[in-house]
Amino acid sequence: MAEHEVVLRAVGIRKQYGHVVAVRDSDFELRRGEILSVIGDNGAGKSSLIKVLSGDVVPDSGQIFLNGTEVSFKSPKDAQRAGIETVYQDLAMVPELDIASNLYLGREKRYRGGLGSVLRMLDSRTMQKHAQASLDELGISTLQSITQRVETLSGGQRQTVAVARAAIFGTNVVIMDEPTAALGVRETKGVLDLIRSIRDAGRSVVLISHDIPSVYEISDHIHVHRLGRRIALRTPGDQSMNDLVGVMTGALPPD
Amino acid sequence: MAEHEVVLRAVGIRKQYGHVVAVRDSDFELRRGEILSVIGDNGAGKSSLIKVLSGDVVPDSGQIFLNGTEVSFKSPKDAQRAGIETVYQDLAMVPELDIASNLYLGREKRYRGGLGSVLRMLDSRTMQKHAQASLDELGISTLQSITQRVETLSGGQRQTVAVARAAIFGTNVVIMDEPTAALGVRETKGVLDLIRSIRDAGRSVVLISHDIPSVYEISDHIHVHRLGRRIALRTPGDQSMNDLVGVMTGALPPD
Amino acid sequence: TAKPTDSAASGGANGDIKIGFIVKTNSNPFWVFMQQKAQEEAKKQGVTLITAAGKNDGDIDGQITAIQNMITSGVKAIIVDPNDSTAIIPALQSAQKQGVATFAVDTQVDGNKAVYGTWATDNYKGGVLLGKYVKAAFGKNDAGETPQIALLDYHPGVTVGDQRRTGFLDGFGVKRTDPEVVAAQDTGGDQSQGQQAMENMLQKKPGINVVYSINEPAGRGGATAIADAGKTKAVLLGSIDGSCDGVASVKDGQFTATVMQFPAKMAEMSIDAAVKYIKDGVKPTMPSSGYIDTGTTLITDQAVNGISYKDTTWGAANCWGTK
Amino acid sequence: MKVLALAARNPFFGPLAALLVLIVLFSVTTSTFFSAQNFSVILQQSVVIGTLALGQTLIILTAGIDLANGAILVVGALVMAQLAQGQPPAAQFGILLVGFLVCGGLALVSGVLVARFALPAFIVTLGMYTMLTAGARLYSQQTLVVPDGPLTVLGTGGYLFGVFQITIGVFVVIASVIVLHYVLTRTAWGRHVYAVGGNPTAARRTGINVRRVLLVVYLVAGLLYALGAWQAFGRSPATSANVFGTANLDTISAVVIGGTSLFGGRGTVIGSYFGTLIVLVLQSGLTQMGLDPLYQQVLTGALVIAAVALDQFTRRVERLA
Amino acid sequence: MKVLALAARNPFFGPLAALLVLIVLFSVTTSTFFSAQNFSVILQQSVVIGTLALGQTLIILTAGIDLANGAILVVGALVMAQLAQGQPPAAQFGILLVGFLVCGGLALVSGVLVARFALPAFIVTLGMYTMLTAGARLYSQQTLVVPDGPLTVLGTGGYLFGVFQITIGVFVVIASVIVLHYVLTRTAWGRHVYAVGGNPTAARRTGINVRRVLLVVYLVAGLLYALGAWQAFGRSPATSANVFGTANLDTISAVVIGGTSLFGGRGTVIGSYFGTLIVLVLQSGLTQMGLDPLYQQVLTGALVIAAVALDQFTRRVERLA
Ligand SMILES: Nc1ncnc2c1ncn2[C@@H]1O[C@H](COP(=O)(O)OP(=O)(O)OP(=O)(O)O)[C@@H](O)[C@H]1O
Ligand SMILES: Nc1ncnc2c1ncn2[C@@H]1O[C@H](COP(=O)(O)OP(=O)(O)OP(=O)(O)O)[C@@H](O)[C@H]1O
Ligand SMILES: [Mg+2]
Ligand SMILES: [Mg+2]
């Protein structure tokens with residue numbers, strides 16, 4: 001039973017850029033319905049690892065298993081088909097398009113009936129309504145219009161849009177690379193609540209964050225990444241937060 | 001005496017984009033040798049305000065005073081001439097150039113002697129050495145090479161470069177817009193230490209941050225920004241951290 | 001459906017008469033010169049001339065556009081140097097339907113259809129003239145050697161270029177595929193491309209001793225390359241155009257000969273005919289060939305037996321362009 | 001203020017303003033410019049470059065560029081004209097189909113090189129242009145005239161309101177602009193085109209098949225070039241390898257004058273059509289003024305810059321400092 | 001691996017590889033290509049376009065483009081040739097100075113429109129091209145021949161190692177490449193040029209005077225065009241309004257083939273010079289092969305694409321998916 005609870009598993013992932021080894025034969029394991037946090041120093045290779053899991057980057061070597069079956073993601077589309085949705089650290093938005101268009105990019109809603117099926121007309125009104133609702137839920141209140149272009153948004157507003165997007169479409173796994181980095185106090189709470197509610201709905205969340213107290217509080221498991229690989233997989237409470245930080249920074253040995 | 005201690009003062013600053021009012025007749029005051037934090041919700045207008053102070057954006061109305069004299073910054077260059085250096089929220093780096101080139105961009109060092117004055121040859125070696133030293137000081141250890149192009153850096157690495165840059169060149173005022181957002185535990189500590197040492201050297205620091213505990217701990221004054229304007233200017237300790245957050249989010253009245 | 005314009009009938013002064021003059025492009029001094037001459041002639045006749053040009057050689061859409069714009073502006077006659085002898089016809093026919101008289105200069109319209117008169121160079125004849133002359137000059141200079149001919153072409157499919165080259169080869173008495181034709185390059189009639197093409201051909205065949213060039217700029221480029229290779233004496237270079245610059249090149253020995261055409265005649269005769277037609281309704285009479293050949297004259301300072309020519313002194317006096 | 005807000009929402013407002021300014025200018029300075037007949041002629045002149053400019057806009061929106069559009073049109077037109085020689089009008093339906101296949105296929109070759117091998121569009125289409133221009137001349141050095149029939153039907157027309165002469169081709173080009181505007185602004189695919197041009201990495205990460213979008217864009221552009229060839233038969237039933245030699249630069253100009261960014265992600269097809277009209281109005285107006293072609297050319301250069309400056313002004317672009 | 005690392009560090013490695021491949025190809029397939037004489041001819045052919053391509057590279061590095069470079073060269077050359085008529089050689093020093101002023105000034109006009117009014121470089125320089133081409137023809141319709149003197153000195157030369165014929169102009173173009181490469185990679189200004197092209201907002205925020213960098217770039221480009229005009233006199237003392245009509249596209253091609261991005265911020269002048277040579281080697285080699293010009297053209301198109309593909313391959317660019 002333990003084995004098939006694992007939604008996403010990766011073994012021996014390696015990714016090298018030139019002579020920079022970003023991910024060094026790292027393992028990864030995510031269970032169904034859990035919040036797994038990935039913590040580690042800047043440049044440890046966290047983003048590179050999750051880019052491999054989300055299909056954005058093809059690893060040099062290593063295997064990925066989805067519900068126990070080996071898969072090979074050639075593009076983010078492949079991962080999305082498997083229900084894996086990702087908030088990238090640099091957000092991946094199209095600056096020229098408005099908020100609603102970015103939220104629904106690649107999964108636009110068409111009108112029902114002939115207008116949609118024959119004329120393939122977008123139902124912008126519905127998309128805008130839903131987009132507004134998702135953002136409201138996350139506690140973003142300063143947005144003046146859902147038709148603002150993303151290039152005109154504040155840093156935090158932009159991040160909220162990316163988070164909302166992943167939350168809506170990640171039916172299986174939601175990966176978030178530092179989703180609260182630019183967020184204010186209230187908005188951060190909104191996102192953490194959202195993460196919990198995703199978990200409670202039986203989906204799994206991978207959270208990369210430098211906010212150790214929040215991580216310690218919210219996570220079911222913590223993946224400690226250091227110098228390109230997972231050096232420890234812990235359960236909060238088994239170890240004090242300070243010790244965890246010690247392991248992460250290399251001050252303490254992994255065990 | 002109280003008056004001329006103010007390094008940078010702004011009165012009635014207003015900046016509107018289309019019909020979005022980003023800064024709504026806001027005031028601002030920074031004293032010499034202090035750390036002033038600016039806190040506020042996402043989209044409150046913090047970045048817009050400091051862009052006005054750093055010369056990046058020309059306000060629609062309002063006045064700016066530097067050491068009591070009215071100034072008008074037409075471009076970041078003007079502000080830099082007055083010793084004001086800024087870390088922008090979106091970092092403002094040239095992706096194609098390497099770390100050292102970005103650090104010294106606009107203030108490149110030339111060789112001494114004829115090579116420098118006649119041939120105007122850049123002293124890349126010295127710039128790289130200094131760059132490496134500044135980054136080491138901030139506790140970034142995963143950087144493999146100072147000649148890496150900035151587009152290949154991790155989010156945190158990139159931010160460290162931007163912070164190092166401002167710290168080196170801001171002789172009078174250093175403005176940092178969420179400088180630790182992407183940083184790890186150790187790196188964040190490095191930046192906070194840096195901010196203190198800048199203050200201790202008699203320079204002033206403006207820190208925008210959503211990390212309220214750090215802000216509460218480090219600041220001499222806290223500027224609370226809400227809906228485009230300063231609604232309160234507090235000294236930590238005069239008010240509890242929770243009350244401060246309440247004011248910031250609008251849950252409590254400003255006074 | 002042609003509606004007679006009333007305003008024309010009212011005044012007797014030629015000043016009310018507007019004529020359109022459309023050349024191939026204005027990227028070549030030949031056409032710019034022809035336009036200037038047309039403008040002068042129009043002034044002399046007291047009529048208003050409006051002018052236009054295609055964007056590049058072959059730009060038929062641009063000329064159709066110009067014809068339409070001129071009809072709108074109320075011209076009574078249009079004189080055109082067509083970029084395509086066939087494709088221009090419907091536009092000219094439509095102009096005639098709207099009561100506008102049409103004439104051609106420099107290049108004939110296919111079958112001289114849809115025009116009341118044409119004044120043009122017989123480009124084939126000019127080519128033949130050049131070919132015959134070069135052949136004779138070659139025989140005279142280099143007795144015993146075999147000719148090695150290089151062609152500095154325009155680019156294929158452009159009527160004038162095809163006619164001149166065919167004429168030259170016929171006049172010389174060789175075919176394009178004969179071994180005597182050792183190299184050929186397209187130059188677009190451009191000086192620097194002519195120079196580069198000639199340099200490359202000389203690398204391939206250092207023994208080239210006869211060069212044909214489609215026009216004088218390309219020829220000038222070729223001559224530069226030949227001079228740089230120190231072969232000016234060994235190579236006969238013939239060109240076609242007859243601009244004052246070309247005549248000067250013959251005079252200073254860069255070209256062996258050039259064939260002169262007469263754009264001023266084309267301009268003057270066509271304007272004159274157009275004005276006559278508008279005023280009196282008389283169409284110009286054309287010879288059985290369907291057009292008036294404004295003539296070609298060989299210009300050289302090296303006479304050969306049996307071929308009539310004019311020397312560069314005459315050439316300098318009768319050339320076109322800035323003297 | 002209201003006007004500016006409208007302009008920000010509709011980026012083709014600037015080019016439209018420039019167009020109107022020019023029309024007023026020429027209507028005042030010449031007696032012949034302002035007439036139903038002249039406007040109808042200008043519209044007819046717009047059909048070929050206007051159609052090509054639509055394909056060019058699509059490609060430029062994806063941050064590409066097409067230097068081969070005129071050459072593709074020419075090859076398509078030559079093939080169709082050759083096939084139509086001596087054939088009855090009814091056969092021209094099939095021939096048209098061939099033309100669309102040829103042009104679509106050729107543009108798709110560029111598309112594959114750009115999308116699949118990540119080669120710069122400038123060089124790919126420059127190479128295609130070089131090859132196809134020579135290829136067209138190898139294929140036929142004659143001027144070919146197509147017999148009347150479906151191939152030339154776009155040039156036929158009648159009168160609107162009794163005075164405004166109009167051809168089917170004008171309706172077709174305007175309809176194409178409207179359809180393409182609809183597709184770009186009201187369908188998912190259109191949004192993906194903007195996304196691919198604006199930020200290809202983001203587009204890819206949101207699950208858009210960037211390669212496929214690019215391939216379809218080049219294919220659709222190719223079909224529009226075939227439509228352009230058809231329109232060209234309406235303008236003149238005769239075609240040769242030497243026509244539309246400057247269509248590439250002409251269409252890029254129309255697109256840029258129409259407010260589309262060469263860096264991708266921003267622009268409209270309506271703007272491109274206005275851009276086409278701006279150039280034609282300039283030519284027509286300057287001809288009516290009776291200026292010499294060389295002086296016309298000088299003024300054209302200046303006015304094109306002025307038109308774009310006016311566009312920038314209406315958009316009040318933030319300036320570099 | 002080592003080769004690839006080298007290639008990543010020196011982006012002109014790809015074009016160089018393409019150039020060498022072509023040279024080997026033609027040396028094997030023809031008997032006349034591989035000779036000191038032929039290489040010397042190719043180098044001499046490179047002096048004008050090679051020089052213009054340097055200016056074009058500077059402008060493209062700032063994410064601009066210059067369609068007017070050939071036209072500026074022509075105006076400068078005409079002015080110089082006109083002034084030199086009937087003057088003693090000594091007067092040509094002053095005349096050269098005038099040429100540099102004229103070309104620098106004209107390019108600066110484009111620069112002001114781009115930098116100060118934020119107009120797109122494509123349209124600004126297209127407008128300049130249109131105006132200057134016509135202007136040159138209005139200025140002089142004659143072919144003007146400059147007398148021997150300083151103006152034509154770049155065409156004179158001698159022999160290197162007894163066999164390799166070379167002109168001063170070849171030395172000058174190679175020296176220009178080296179100097180400009182030095183300036184771009186080893187001086188602050190060079191870095192600012194890359195910064196302005198790579199991210200103008202960031203450049204501005206680091207205190208770079210973006211406008212001034214742009215103005216200087218256009219000015220320097222203009223001076224290089226004057227140098228190109230001087231080189232052109234070395235190639236042929238005769239000049240007219242009709243030369244170098246395709247220099248704009250020729251130089252853009254050389255620059256792009258040389259590995260510089262049309263989006264700015266990436267590229268080298270050395271690559272652009274190799275790009276110039278690639279095109280010339282192709283033309284020379286295909287002529288030596290004795291192919292029919294039209295087939296030559298077809299092959300040129302294909303080989304230009306192949307050269308860039310080889311470049312991409314050596315850089316192993318990450319592909320879109
Ligand atoms: N495209 C690339 N080319 C070269 N090096 C790269 C590239 N992408 C990442 N790297 C390097 O790989 C290492 C890991 O980067 P990564 O972005 O995965 O770190 P991270 O753990 O997410 O850091 P952070 O917390 O700062 O976001 C870094 O040293 C970085 O410089
Ligand atoms: N260029 C622009 N065009 C239109 N609106 C803008 C522009 N820049 C900022 N805004 C708007 O102005 C408001 C303030 O933005 P600003 O970036 O100053 O917020 P902030 O306080 O820095 O937020 P954050 O904490 O998320 O960074 C936001 O509503 C934003 O959408
Ligand atoms: Mg990261
Ligand atoms: Mg902000």
Side-chain angles (χ1 to χ4, degrees), chain B residues 50-51 54-57 73-98 100-111 115-116 118-124 127 145 147-152 158 161-162 165-166 169-170 175 177, chain E residues 5-11 57 60-63 115-116 118 175 178-214 216 220 259-268 271 315-318:
Chain B
I50 65 96
K51 280 185 196 161
S54 75
D56 188 43
V57 154
F73 296 148
K74 296 266 174 277
S75 79
K77 181 112 217 151
D78 294 343
Q80 286 173 12
R81 284 219 189 85
I84 301 175
E85 196 67 25
T86 309
V87 180
Y88 291 93
Q89 192 169 5
D90 56 8
L91 301 182
M93 308 260 236
V94 181
E96 295 88 350
L97 295 180
D98 67 23
S101 302
N102 264 288
L103 242 164
Y104 281 89
L105 196 62
R107 274 123 163 179
E108 290 80 1
K109 272 189 201 308
R110 292 200 298 264
Y111 277 113
L115 226 51
V118 181
L119 294 178
R120 313 193 75 78
M121 192 175 196
L122 290 179
D123 185 356
S124 298
M127 285 193 281
S145 156
T147 60
Q148 236 177 302
R149 285 198 310 278
V150 159
E151 62 192 338
T152 68
R158 219 175 277 204
V161 176
R165 189 192 147 78
F169 296 109
I175 303 177
D177 195 350
Chain E
L6 198 73
R9 203 94 49 80
N10 294 311
T57 311
I60 290 181
L61 280 177
T62 66
R116 176 71 239 186
I178 293 171
V179 168
L180 219 57
H181 183 74
Y182 171 87
V183 169
L184 282 174
T185 58
R186 296 272 179 278
T187 73
W189 186 76
R191 240 164 235 188
H192 297 177
V193 170
Y194 283 95
V196 165
N199 186 345
T201 310
R204 182 171 172 279
R205 285 181 175 173
T206 56
I208 292 174
N209 190 331
V210 173
R211 264 189 205 171
R212 194 164 60 204
V213 169
L214 286 173
V216 175
V220 171
T260 293
S261 159
L262 283 177
F263 298 102
R266 293 170 206 264
T268 61
R315 284 195 272 170
R316 290 215 298 189
V317 159
E318 294 264 65

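Letters go in sequence order (proteins before strands), and every chain restarts at 1. Everything numeric here is computed off the predicted structure, so don't read it as measured data.
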Whatever's closer than 4.5 Å to a heavy atom in chain E on B/Ser54 counts as neither
Between B/Lys74 and E/Arg204, what is the shortest heavy-atom contact and its length? O-NH2, 3.9 Å
Side chains of E/Thr187 and B/Arg110: closer than 4.5 Å at any heavy-atom pair? no
Separation between CE of B/Met121 and CZ of E/Arg186, rounded to the nearest 0.5 Å: 5.5 Å
Turns out that what part of B/Leu97 lies under 4.5 Å from chain E's heavy atoms comes down to side chain
Is the shortest side-chain N to carboxylate O distance from B/Asp90 to E/Arg205 below 4.0 Å? yes
Between E/Tyr194 and B/Val94 (side chain of the first, backbone of the second, donor and acceptor by atom type, cut-off under 3.5 Å), is there such a pair? no
Minimal non-hydrogen separation, E/Ala202 against B/Ala92, with atom names: CB-C, 3.3 Å
Which atom of B/Glu108 lies closest to which atom of E/Ala188, heavy atoms considered: OE1-CB, 3.5 Å
With E/Arg191 via salt bridge (charged side-chain N to carboxylate O under 4.0 Å, His left out) - residues at least two apart: none
With a sphere of 6.0 Å drawn around NZ of B/Lys109, does it hold more than 12 non-hydrogen atoms of other residues, nucleotides or ligands? no
Side chains of B/Met93 and E/Thr206: does their closest heavy-atom pair fall under 4.5 Å? no
Please look at B/Arg81 and chain E and tell me whether the side chain, the backbone, both or neither of the residue comes under 4.5 angstrom of a heavy atom of that chain. neither
Part of B/Leu119 within contact of chain E (heavy atom distance under 4.5 Å): both
Heavy-atom pair of closest approach, residues B/Arg120 and E/Tyr182: C-OH, 4.3 Å
What residue in E/Gly265, E/Ala195, E/Ala203, E/Gly190 has the most heavy-atom pairs under 4.5 Å with chain B? E/Ala195
Over 12 non-hydrogen atoms of neighbours within 6.0 angstrom of CZ in B/Arg158: yes
